Each structure stands twice: as structure tokens, then as C-alpha cells.
Amino acid sequence: MATTTMARASLALVLLLITAAVGAANCTTVAYNDRALVIDGQRRIVLSGSIHYPRSTPEMWPDLIKKAKEGGLDAIETYVFWNGHEPRPRQYNFAGNYDIVRFFKEIQNAGMYAILRIGPYICGEWNYGGLPAWLRDIPGMQFRMHNQPFEHEMETFTTLIVNKLKDANMFAGQGGPIILSQIENEYGNIMANLTDAQSASEYIHWCAAMANKQNVGVPWIMCQQDADVPPNVINTCNGFYCHDWFPKRTDIPKIWTENWTGWFKAWDKPDFHRSAQDIAFAVAMFFQKRGSLQNYYMYHGGTNFGRTAGGPYITTSYDYDAPLDEYGNIREPKYGHLKDLHAVLKSMEKILVHGDFSDINYGRNVTVTKYTLDGSSVCFISNQFDDRDANATIDGTTHVVPAWSVSVLPDCKAVAYNTAKIKAQTSVMVKKPNTVEQEPENLKWSWMPEHLKPFMTDEKGSFRKNELLEQITTSTDQSDYLWYRTSFEHKGEAKYKLSVNTTGHQIYAFVNGKLAGRQHSPNGAFIFQLESPVKLHDGKNYLSLLSATMGLKNYGALFELMPAGIVGGPVKLVDNNGSTIDLSNSSWSYKAGLAGEHRQIHLDKPGYKWHGDNGTIPINRAFTWYKATFQAPAGEEAVVADLMGLNKGVAWVNGNNLGRYWPSYVAAEMGGCHHCDYRGAFKAEGDGLKCLTGCNEPAQRFYHVPRVFLRAGEPNTVVLFEEAGGDPSRVGFHTVAVGPVCVEAAEKGDNVTLSCGQHKGRTISSVDLASYGVTRGQCGAYQGGCESKAAYEAFAEACVGKESCTVQHTDAFSGAGCQSGVLTVQATC
Ligand code: GAL
């Protein structure tokens, strides 16, 4: 008996030791010092990129992560999306594109690190900054301040996420990929605007303590927390540039959590583009000045599928001009130019994180930095002038550094990389209708009216109240739509002006069952007024108002208190003589959501009565559901729905939400629409905008249909809810593929590569131009002169029929009498 017990005990001990040993073999330690994160005892330069899992599909994740790795990244960063995971209190969703564990496992499978930004307030151009709207219903709740109700909910959710990831062994110490965790988000940006400074400070210190209590085994970070940073977290920087920022604590590394690769788009705005040269300049400057970890926000922006994705007035596309485009295609030259920089930085890693350093200023704006270790050195020369080249001399050799650029010299002798000189190709992505099946005239549409009638007359709604209520609370943010309806007696017929004060984003007014007026927030403003002429009849009149939000506010001090809907009104009718009927306090009946939403028409269940077998459908009819079937385009290229002709609404394919659409909204003409120079600081707001495209064009015409939403060889169903009245007959499906590709080669001896490489099997069909004299145009339509026959022939020979090709730029190419040494080659995939 005693022996058996002892034998068992020693077996248990052996097992314990084996487990410990296995754990030790797989597990990664993460520590830090003033220069870098120390991973498994090694100081590391970490290059990271943001990919938000709900903004793509699980089927896309491996490819996105693989491309990030091939682009030279070590880590993937993501926020956690609380309102997506807990849409109702204690009802959780971890399925499909919310399968967070699967996402981290894909990162692990790719052999990459991960950065977990729990928030759970995340901003992120996400509905309500990620916070569930139901938090509002909890008594005593004060968002993001020191109070028990908020802290209790925040801790409950944070613990749930941490435990879920721990159970899956996702933290570095468990052998998983997660090397850093973030709590809160940019609280420091709003602290000064909060009146209760003490509560704010207590809250942020509580956040740090609560996070540390989670025992995740990796360091906790906070971003933009300069003003009041708790001692037990690493404070980090967000912005277009972070080279001049240094953490106040001297024992922590310099970390840049958000290097914005472009910018998000709102329905009223054109597209922002941040050049590859400027991003590379910012990154190189950051590592010149002791940077240790930087993260591209976004590396892949993706799509705001569904109504709880996407912030206020933010388009369904969250492309962000990121190195991987919305559909997951490689965006060139951004991707390639940064990849080249990553390789150079990695080659210098050891000296950067261990070496002694010195900065020598060559007057204003020009700095040479030398890092030295064991007799080897690496150098950077930065030129922050936006209008002139600069010279700097290192060890007797003078180097010319173009305006607004950094030269990197991994041996302090030769320039291996200059941020303004792009060697990567430019790829122009082209959208085209796939086969005849997809052409608009081949989609057969049927339709169904949204059932408005009940709420135009005596239907009770869900409840009544003698006041105009706030929309988020009343609808618990379960739908974009909230009906307000009242009735009143009037003697005789008369004309009035109806005026309704409302807060975001769209309002429709019906009088006695007829649409009498509509208005959306001009330029995304939250507070606006509807004014429209209406006719009353003798007797009982009905006024029905439909308020629609398009993503709740996500940023700013007390953003959560910003109301939505017709809260308080006033709602008034004024006649020509100035006599007023004020309906603000009459008896209003309420109903959240549309009848078609409650019936789930988008699921196209059997038994629904669709009209239009005779081939006719109504056009420009507001509040109409439409449906058509189509064949999925063959192949692997990304698919988009061209929704031109529609007005405003929501689209689904095979029951999957593609997001809100609004192609009738034309983007504003702004200062930055007509010029683009990478030199000088990039901005997304205020004066000095540049490089905007799509001005005076529909803010978003194309909507991503991920391949997994489609069924090959079977009919696919598209369902639209057209809220404002549009013409579906123009709707079609397109594929997105590389068209023209172009490359410039300045130096003789360079290897020049062209590639169609997004999808296997796509080859270069022609070489269109090889010229030393391109003066005008853009890739795909270059106009030049000084063509080089020798270069043309060399590229045609090496490239046509190939997925990619490399040709050396030699002396033999230069056309006689050409001034420019720069060879431009254009080919078509
Ligand atoms: C930051 C914020 C991010 C995102 C970004 C803009 O301030 O932390 O979540 O909103 O701005 O894209």
C-alpha cells in the first residue's frame, strides 16, 4: 500500500517535471529595459501591424497574416471588440469573425508575435468606441471614471478575455504568441477635459492595478498616457510621427503603438492617402531616435461588416490606405517600400538595441546618428527640411540626403536605403465585371415594401411616453432605427411647416402615412434640424418620425453622453401666421427597429412574398426591400458589389451583412484634393491636407463581398434594404485584380522586379513602356519619350507570360541623349 502510494507520488512528480520542462521549452519570456523589449533574454526590435479580426473573415486571416510576415513584420496587433463579443449582458459571441482565439492561433501558426489591446474602450472608429450600449442601463454607471458599476463591468469583461486566452495558452509565458497587453486607450488625451480630475486619475490607476492583477505574464502598456501614467504600465505613443516623443520613465523602451498608415473615411469625406515615402521617413526617424517597437495602424484596415462595426458616419470600407488593401491585396508601392526598410532595420537590430549612440546635428533639421557596438557601427542621416536636399559627411564621405527623407547606412559607409527612393513597384488595382452573369442586366430583381402602415395609424408601438426620448437608450442600440409616432386633432385643412430638432444621423417624417420630409446630418454633424412643408387635414392627424443612426460616437471626453435621436425635440408645426402646435410633450408611441428587421427579411426565408415576377420593380421608392440572384465570379480574386444607383441602406449576400451602403453621398471637395507632395508633415485634419482622392465622387461605391460569403456554382442571393429610394438595376458584381504595374530604377546595377503576384496564375501579358523620359501621367497611362529599345526588349523577354520577373538595370539600356537616369517600366498583368 505504502509502496503504491509512493510509486504514484513519484510518477506524479515525474509528470510534473515533464510538464514543466515542456512548458519551459515552449514558453517565451518577455521583459524590458530602457532600450527594448527583452524576449527570451534577447533585446529585440519589434515591427508590428494592426489587423482587426472582425474587419475580415476567418478564412482571410491566414493570408493576411502571411502577407504581414512576408512584409517583414514580427507581430500582429489587434483591439478586442467588447460590444461585438457581449451584444447583450452576459450573452457572448465568439463565433465567426469574432473567434478571437482562432485569430491568435493563426498568428501563432504563422510563427509571429501578437499584441493584445483589450481596451476595452478602444475608439477604433468602432460603434461607441467598443463599449456595449447596454452599460447605460446599469444604475450609477459613469463611463471610464472611478465608479463601481463601470469598473465592475470592465473587470468582468477583461477577466473573461484574459481567461479565454489563457485557457488556450495564448500568452507568451504559456508558449503562446502574445508578448504585450494594453489596457484602456488614449485616456491621457481626454483627462484634461474631465471635470472630476481626481476620479479620472483614480480610474486610470485602478485600470493599471486591475490589469496587473490578471497575471498574464507579459508587460501591460497604455497609450498616450503622458500626463498621469501609473507606475506599473509602459506608456506608449500614437501619431503620424513619434520620433521626438520619449517616455518619461527612463527604464522603459520607446514604443509606438499607432503609426497611422493613412486615415479612415467618413461618408462626407474623400479618401486619404499617406505616401510610402512619408511612412518610411517616420519609421526610420523613430528607429534613428532609439525606437524599439512600432506598430502600423492599420496594416490591414478591412471592412465594417454590420451595424455595430464602424463609428459615427464612418464608411463601411475601413481600407485606411493600409499596406494591405480592404480586400487583403498587397498595396504597392507602400507594402514593398516598407518591406525593404524592415529588412535593413532588422540587419542592424543588434547594434541598435545594444550600441552606444551619438546624434550630431548639422544645423537645423539635419541629424546624423551613429550607433556603435564592438567596433561595428550603423548610421542614419535624417533631413527634415521639406524643401531642400542636404549634405552630411560621415567618416570623410559626403552623402546627399533628399528633402524629407532618412538615409540608412548599415555600415556607416554606403546608403542601403533612403526613405524617399522607392524601389518597389506600383500596382494599380482594377475592378471589372466578371462574366456576363454578373452584368447588371442579368440580375433579375424582385421586391417587397417595408411594412410601414401599422406605425402610420393607431398601432400602439412598444410603449408610450409624453416626451421625446433618447434613441440609444430606447432602442438599446439593437437597431439603427427608432420610430416616434403621435396623433393630434386639427380643425380644417391647413399648410404648416414641420420642424424637428434631432441629434444624428438621419430623419424621415411621415404625415398621415405620406413621406413629407427627410434630412441627414450635414457633414457628419450631430445636431441638425429637419424643416419641411406639410399639409394637415380636418380631424385626426398622424405624425410618424423615423430616426436612424449610422454608428455611435466613439471618441472624446464624455462621448458616451452625446445623445442620439429626437431627444427633447422640439417638434413643432408652425403655420403662415406664426401660430404653433408644439408636439414635444404629446403622447408619443415608440418602436425600435423596422418590421423587416424583425421579420429578418435579409435571410430570405421561404414564405416571404416577393413581387416582380413580371420583370418590373419600382425605382426610387423609399423603404423597399430588393432581392436578386447571381453567380459567384470564378477564381480567387476579391469580389465587390458595385452599388452605384442605390441611395442609402444595407446589403446582404446569402444572409451575410455587407454593411451600410450610401453611394448617393458625394464626398466633399476639400483643400487637399488637388495636390500631393510627400514632403512635409502629413495631416488628417485641419489645414494642410494633401493627397486626397475621390473628391466629388460617391464616398463609397464598391462593397466587399468576402469569398466565403459566396457559393460557387450555385445561385447566390443579394438582398438590399433601400431606405431612401434607389435604382437596383445598375447593381453588379466585380472582381478586383492587379492591372498595370510600374517600376522606376534610378541606379544602374539595380535588380528591377515586376510582379502580378497577388494571385497564383496571374501573369504579365505585355510590357507597355520602358522609358528614360516619363514626364506625365500615372502608372497605367504613362506618357514619355526617350524610350529605350534595349530595356524594352530585355523586359519583354524576361517578363511576358511570367508571374514575376527581375531584370538588371545596365548601362546598355540608356537611350542616347536622355537627360534622366531614371528608367520607368510599365507592364500589364
Ligand atoms: C487613435 C485611436 C485609434 C483610432 C485612431 C484613428 O486616436 O487610438 O483607436 O481611432 O486614432 O484611426
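Both ligands and their constituent atoms are indexed starting at 1 by order of listing. Keep in mind the model is a prediction, meaning the values are calculated, not measured.
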Measure up the [X] and [Y] rings against each other and bin them: parallel (under 30°), tilted (30 to 60°), perpendicular (over 60°).
{"X": "F240", "Y": "F682", "result": "perpendicular"}
{"X": "H85", "Y": "F94", "result": "parallel"}
{"X": "Y703", "Y": "Y661", "result": "perpendicular"}
{"X": "H520", "Y": "Y665", "result": "tilted"}

Would you mind checking which non-hydrogen protein atom is closest to [atom], with the distance to 0.1 Å?
{"atom": "atom 10 (O) of ligand 1", "answer": "E125 OE2, 2.6 Å"}
{"atom": "atom 5 (C) of ligand 1", "answer": "E258 OE1, 3.5 Å"}
{"atom": "atom 7 (O) of ligand 1", "answer": "E186 OE1, 2.4 Å"}

Which atoms from ligand 1 have a heavy atom of [X] less than 4.0 Å away?
{"X": "W263", "value": "6 (C)"}
{"X": "Y79", "value": "2 (C), 3 (C), 8 (O), 9 (O)"}
{"X": "I122", "value": "9 (O)"}
{"X": "Y320", "value": "6 (C), 12 (O)"}
{"X": "G124", "value": "3 (C), 4 (C), 9 (O), 10 (O)"}

task = Please confirm whether the backbone N or O of I527 pairs with a side-chain atom of T503, one donor and one acceptor, at under 3.5 Å?
result = no
query = Can W126 be said to touch ligand 1, with heavy atoms closer than 4.0 Å?
reply = no
Ring centers of F286, H243 separated by less than 6.0 Å = no
query = Are the aromatic ring centres of Y296 and H342 under 6.0 angstrom apart?
reply = yes
